[in-house]
Amino acid sequence: MNNSFKDFIFGDGNTMNHLFRQFSMGAVAIAVMQVANAQVSITNIVPMQIAGQGTEIRVMFNGLPPQPQAYQLEQPSRLILDFDKAQQNLHQNSIPVATKEASSIDVSSDAQRSRLTVNLTDAGAFTTRVEGNTFILKINSAGNDFAAQPVVAQKIAQGISNIGFQRGSQGEGQVVVDLLGSNTPVDVQQQGSKVVVRTLGNKVPTHLARRLNVNDFATPVSTVDAQNDGGNGVITIQTSGSYEYMAYQTDNKLTISLKRPEDKNPLKPKAANTYTGKKISLDFQDIEVRRVLQLLADFTGINMVTADSVQGNITLRLKDVPWDQALDIILKTKNLDKRRNGNVIWIAPVSELIKAEEEEAKALAQSVKLAPLQTEYIQLSYAKATDIEKLITNGKNASNGSNTSGGTATDPLGDSVGSLLSPRGTISTDPRTNTIIVNDTSTKIDQIRKMIDLLDVSVKQVMVEARIVRASTEFSKQMGVKWGILSQGINQNNDLLVGGSDTTLWDLKTPSDDGKYTIQRPDNLNVDLGVTATGASKIAFGLISLSDFMLDLELSALQADGYGEVISTPKVLTADKQQAKVASGTQIPYQSAEGGGVNAVSKTEFVDATLSLDVTPSITPEGKVQMNLQIKNDSIGNATPTGQYTINKNEINTNVLVDNGETVVLGGIFEQQTINQQTKVPFLGDIPYLGRLFRKDVKSDNKSELLIFVTPRIVNDSVSRNH
């Protein structure tokens, strides 16, 4: 019901006073009932081409136009506008347009709504506005003329000039956004307790990027925050408590109106602060209830129909009480209740109202049972037909949580429980063409189609990239001495011999001139503190060479340091809320046995030693990505005495919330190992300075660090169309 109609029916202003002055009470009742029963209708549709701006379609009504439900389809491109509770009085079902953006308009209607199907030449953005009794649809093609204008002109024509707030006459909070141009793209979305307005491609000016605290206005709106997110302006309307919102644009002014929802439960008592009627004072002793109700009807100008069963007297004294609260007090005292339909209130005992509503529900259920069946073929684009079939037929009963399927369970009125199908309805699927075949009444088919329109949508995809960095530094230093003594009278010369090792040292001791004397290196090591690692540097000295013995030593030294960095970059692309896994590596075999004793059977099994990324992303309404992650970077370890291998495990399991394109460090493992080892000859190895010749020193320092970086990116974030 539009606001002007509400003011006419419920208001106490000039309109109602004028009617009272002109007509009698009976004439007023007839006029008001005629207005209440009237429906708005489409009287004419006029398309036109606006040079340099696109196509404008004007839909004219005989009253205030209702807000349509609009959505766009592709292949072929169509724009659907559904006007609920609106009729059409046109003499043609198709209206030619012949513009660059649209070719024709198809018009259809039923008892519940009128539908306008605008056949587009190409998908493009569209905006709507209301001027008086005319609903205006403006279509901007993706390749229209103004897209080629200079950038400076585009900025002047689009954007935000002011953000304001005001309180409506019905206590609603109205956020008013002044736009620089009527073609400024705007997207309005409800996100829980917030309403978010985005101006796509246009930032909020610096002087308007602030917070408005509007708690003192006593509306559902508490704060209004204006800020910029990249190249888009974002206006966040924070609410308190439950609310209903409506957004509409007239020329360059966008209004978002938020109000408290009306209480749909007539049996629920109202709080004292929810009564808004004019105050009245009543002081009666033993007066008939019907007479008091007549006085309230005369005071408010609202038509009241009182059942014949309403009898009895009442004594009451009320002073400066809202009339609607006074009415509730009287009804509750006499066990009465009311039902309101437009400007008419029906008053009767509670039991009589309940019985009448039950009879009405039974009559409606009987009409559903006798309604003709029709067959509908619904081809799905994104969802699987079998999954949608389960949602239609397998529902949970709210009373006990059990599943019911096939429409076998029914309520007392004969309707299905846990299924969108009626007891006579059937459903089947064709997986080959991904089509659902429904045979049911037209009302049930409309409910199923509405559910499919909401669920059969494309799912966003997320690219998750992980970088696993393992860095290590290694340092080792070893030094040792080998002492040897030989007593064979080999060389009579007292010469100092130097060789690269003890082998080359003995190669310097040439045999006798006749070639018959061969020298072989004996095991003459009295002290062996050498470094046995492969690649150690060595040098040998023949210190003393006398007639009957020789003293020699070999110094061995090893120093090694190194730095290593291993970077693994697994990537995986998956749909929203769908698990994905990518892995690369090897499988290690190991032996296992089944059974016991002589009956044991040996078999070979495999264990994974892989680099894997297992992720389940979930895109939040704010555009962030929540990820359930399991990352492994396993490798083959050392061999065991049984011939099998160990596995070096590096794994992380976590659930994180990250902005789109943001990189987060999930975890790091830092290890440091320091070893100091010494091997020496007792007593001699402890002598200062000289003791280094009688001991072996080993020093090693190893460090390793594991870092994991994860970056999610939404790869097909579609652009929201303007409404």
Side-chain angles (χ1 to χ4, degrees), residues 3 6 67 127-130 158-182 184-263 270-274 276 618-626 657-662 714 717 719-723:
N3 291 333
K6 285 183 179 179
Q67 186 71 17
T127 58
T128 63
R129 69 181 189 271
V130 176
Q158 295 183 352
I160 299 176
S161 61
N162 190 31
I163 301 174
F165 179 85
Q166 62 188 19
R167 189 179 190 273
S169 60
Q170 303 297 326
E172 67 271 17
Q174 296 179 348
V175 180
V176 182
V177 182
D178 294 332
L179 306 175
L180 293 175
S182 59
T184 301
V186 178
D187 178 51
V188 182
Q189 293 182 356
Q190 181 180 8
Q191 298 179 0
S193 63
K194 299 182 293 185
V195 176
V196 180
V197 182
R198 289 184 172 87
T199 55
L200 307 178
N202 296 279
K203 292 185 177 181
V204 175
T206 305
H207 68 282
L208 297 178
R210 63 184 186 273
R211 163 171 288 192
L212 301 178
N213 193 329
V214 294
N215 272 321
D216 296 337
F217 287 86
T219 68
V221 182
S222 57
T223 59
V224 180
D225 294 318
Q227 59 184 1
N228 291 313
D229 182 11
N232 304 327
V234 179
I235 303 174
T236 304
I237 305 171
Q238 182 64 52
T239 65
S240 59
S242 57
Y243 69 95
E244 296 176 349
Y245 89 99
M246 178 177 62
Y248 54 93
Q249 180 178 344
T250 304
D251 291 334
N252 296 344
K253 190 178 295 294
L254 173 67
T255 304
I256 300 94
S257 177
L258 296 90
K259 67 176 183 178
R260 300 293 183 190
E262 297 181 5
D263 188 10
K270 293 184 177 181
N273 57 356
T274 61
T276 58
S618 179
I619 302 175
T620 65
E622 294 83 3
K624 297 183 179 181
V625 181
Q626 186 172 7
L657 181 65
V658 186
D659 287 332
N660 180 27
E662 184 181 47
I714 302 175
D717 193 5
V719 178
S720 300
R721 295 183 174 91
N722 306 325
H723 291 271

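As the structure is a prediction and not an experimental result, all values here were calculated from the model. Numbering starts at 1 and runs along the sequence shown.
Residues forming a side chain to side chain contact (heavy atoms under 4.5 Å, CB included) with Asp659 (at least two apart in sequence, or on another chain): Lys624, Glu662. Residues passing the side chain to side chain donor-acceptor pair (under 3.5 Å) test with Gln227, sequence neighbours excluded: none. With sequence neighbours excluded, no residue forms a ring-ring contact (aromatic ring centres under 6.0 Å, His included) with Tyr245. With sequence neighbours left out, the side chain to side chain donor-acceptor pair (under 3.5 Å) criterion links Asn213 to Asn215. Applying the side chain to side chain donor-acceptor pair (under 3.5 Å) rule to Gln238 yields the partners Ser193; only residues at least two apart in sequence or on another chain are considered. Shown here are the side chain to side chain contact (heavy atoms under 4.5 Å, CB included) partners of Asp216, two or more places apart in sequence or in another chain: there are none. Listed by chain and number, the residues in a side chain to side chain contact (heavy atoms under 4.5 Å, CB included) with Thr199 are Ile160, Val186, Asn202 (sequence neighbours excluded). Scanning for side chain to side chain contact (heavy atoms under 4.5 Å, CB included) contacts around Gln191 gives Gln189, Val196, Arg198, Pro621, Glu622, with sequence neighbours left out.
The minimum heavy-atom distance between Glu244 and Pro261, with the atom names listed, is OE2-CB, 3.5 Å. Nearest heavy-atom pair, Ile714 versus Ile619, reported as atom, atom and distance to 0.1 Å: CD1-CG2, 4.0 Å. Closest approach of Val204 to Gly233, counting heavy atoms only: CG2-CA, 3.7 Å. Between Gly159 and Thr184, the shortest heavy-atom contact is N-OG1, 3.2 Å. Of all the heavy atoms in Leu212 and Ile163, the pair that sits closest is CD1-O, 4.2 Å.
Residue pairs meeting the ring pair (Phe, Tyr, Trp, His ring centres under 6.0 Å) criterion with at least one partner in residues 205-235, sequence neighbours excluded, are Phe165-Phe217. Pairs of residues two or more places apart, or lying in two chains, that qualify as salt bridge (Lys or Arg N to Asp or Glu O under 4.0 Å) and include a residue from residues 217-237 are Arg211-Asp225.
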Check your understanding: Could you go step by step and tell me if Lys253 and Val177 meet the side chain to side chain contact (heavy atoms under 4.5 Å, CB included) rule?
Key -> CA-CA 6 Å; Lys253 190 178 295 294; Val177 182; over 6 Å; no
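A distance of 8.0 Å separates CD in Glu172 from CZ in Arg167, rounded to the nearest 0.5 Å. Between Thr239 atom OG1 and Lys194 atom NZ the span is 10.0 Å, to the nearest 0.5 Å. In this structure, CD on Gln166 lies 9.5 Å from OG on Ser257, to the nearest 0.5 angstrom.
Proximity of Leu657 to Thr620: side-chain heavy atoms (C-beta onward) are separated by under 4.5 Å at one or more points.
Tyr243 pairs with exactly one of Gln190, Lys259, Arg260 by the side chain to side chain donor-acceptor pair (under 3.5 Å) rule, that one being Gln190. Remark: of the listed residues Val197, Ile235, Val176, Val197 is the sole one forming a side-chain contact (heavy atoms from CB on, under 4.5 Å) with Leu254.
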